[in-house]
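Shown next, in structure tokens, is the structure this report addresses.
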Amino acid sequence: MIEMTFKPEDVDWDKGNGLVPVVIQDATTLQVLMLGYMDRVALEATAKSGLVTFYSRSKLRLWQKGESSGNALNVMGIRRDCDNDTLLIYAKPQGPTCHLGTSSCFGEDAPKR
């Protein structure tokens with residue numbers, strides 16, 4: 001079950017013209033895996049499916065992480081920041097997160113717990 005202690009309407013969607021940045025963190029190691037963006041529909045799809053779904057600013061559509069690679073992100077929990085305009089998602093990755101084949105888009109040398 002996804003732990004989300006707020007409702008989508010609690011997020012300040014206006015600051016980012018309908019989008020909010022989303023930091024993805026490994027639920028086990030706490031390593032930061034990637035940054036993406038969500039609109040309200042992507043957040044609702046993520047909460048419903050349990051898989052991270054972003055809004056692609058280049059494709060101008062929703063895309064579920066792993067839809068082509070198979071390297072999905074299973075959501076363990078979702079938090080919002082103190083300004084309600086950024087989300088943090090704890091996830092369990094199903095394979096490498098980065099399209100370059102690394103666990104993190106910030107490099108393998110990123111600090112791990």
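Atoms considered below: every heavy atom in the structure, side chains included; atoms not considered: hydrogens, waters and symmetry mates. This one's a predicted model, so the numbers in the text were calculated from it and none came from an experiment.
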For residues 93-100, which side-chain donor-acceptor pairs fall under 3.5 Å, sequence neighbours excluded?
residue: Q94; atom: NE2; partner: N74; partner atom: OD1; Å: 3.1
residue: T97; atom: OG1; partner: S103; partner atom: O; Å: 3.2

Exercise. Partners of D83 by side chain to side chain contact (heavy atoms under 4.5 Å, CB included), sequence neighbours excluded?
Worked result: K15, D81, D85

For this session: Could you pull out all residues at least two apart from R79 that satisfy side-chain hydrogen bond (donor to acceptor under 3.5 Å, both in side chains)?
Result: E3

For this session: May I have all residue pairs that pass ring-ring contact (aromatic ring centres under 6.0 Å, His included) and include part of residues 32-59, sequence neighbours excluded?
Result: F54-W63

Exercise. OG1/T28 to NZ/K92 distance, rounded to the nearest 0.5 angstrom?
Worked result: 4.5 Å

Exercise. Which pairs, with at least one residue in residues 20-43 and sequence neighbours excluded, count as a salt bridge (Lys or Arg N to Asp or Glu O under 4.0 Å)?
Worked result: E9-R40, R40-E44

Exercise. With S58, which residues qualify under side-chain hydrogen bond (donor to acceptor under 3.5 Å, both in side chains), at least two apart?
Worked result: S56

Exercise. Does the side chain of L88 come within less than 4.5 Å of I78's, by heavy atoms?
Worked result: no

Exercise. Side chains of V11 and L43: closer than 4.5 Å at any heavy-atom pair?
Worked result: yes

Problem set entry | Residues in salt bridge (charged side-chain N to carboxylate O under 4.0 Å, His left out) contact with R57, at least two apart in sequence or another chain | none

Problem set entry | Distance in Å, Y90 OH paired with I24 CD1, rounded so as to fall on 0.5 Å steps | 11.5 Å

For this session: Measure the spacing between OG1 of T86 and CG of D12 and express it to the nearest 0.5 Å.
Result: 9.5 Å

Seminar exercise, completed: Sorted by chain and number, sequence neighbours left out, side-chain hydrogen bond (donor to acceptor under 3.5 Å, both in side chains) with Q64 holds for none

Exercise. Taking only residues two or more places apart in sequence or in another chain, which ones pass side chain to side chain contact (heavy atoms under 4.5 Å, CB included) with D10?
Worked result: F6, K7, R80

Exercise. For T102, what residues pass the side-chain hydrogen bond (donor to acceptor under 3.5 Å, both in side chains) criterion, not counting sequence neighbours?
Worked result: none

N/O donor-acceptor pairs under 3.5 Å from side chains in residues 45-52, not counting sequence neighbours:
residue: T46; atom: OG1; partner: A42; partner atom: O; Å: 2.9
residue: T46; atom: OG1; partner: T53; partner atom: N; Å: 2.9
residue: T46; atom: OG1; partner: T53; partner atom: O; Å: 3.2
residue: S49; atom: OG; partner: A45; partner atom: O; Å: 2.9
residue: S49; atom: OG; partner: L51; partner atom: N; Å: 3.1
residue: S49; atom: OG; partner: L51; partner atom: O; Å: 3.2

Exercise. Below 4.5 Å, heavy atoms only, C-beta onward: do N84 and W13 meet side chain to side chain?
Worked result: no

For this session: Flag the pair L87 / M38 as yes when at least one side-chain heavy-atom distance between them is below 4.5 Å, and no otherwise.
Result: yes

Exercise. Is it true that a side-chain atom of Q25 and a backbone atom of Q31 form a donor plus acceptor pair closer than 3.5 Å?
Worked result: no

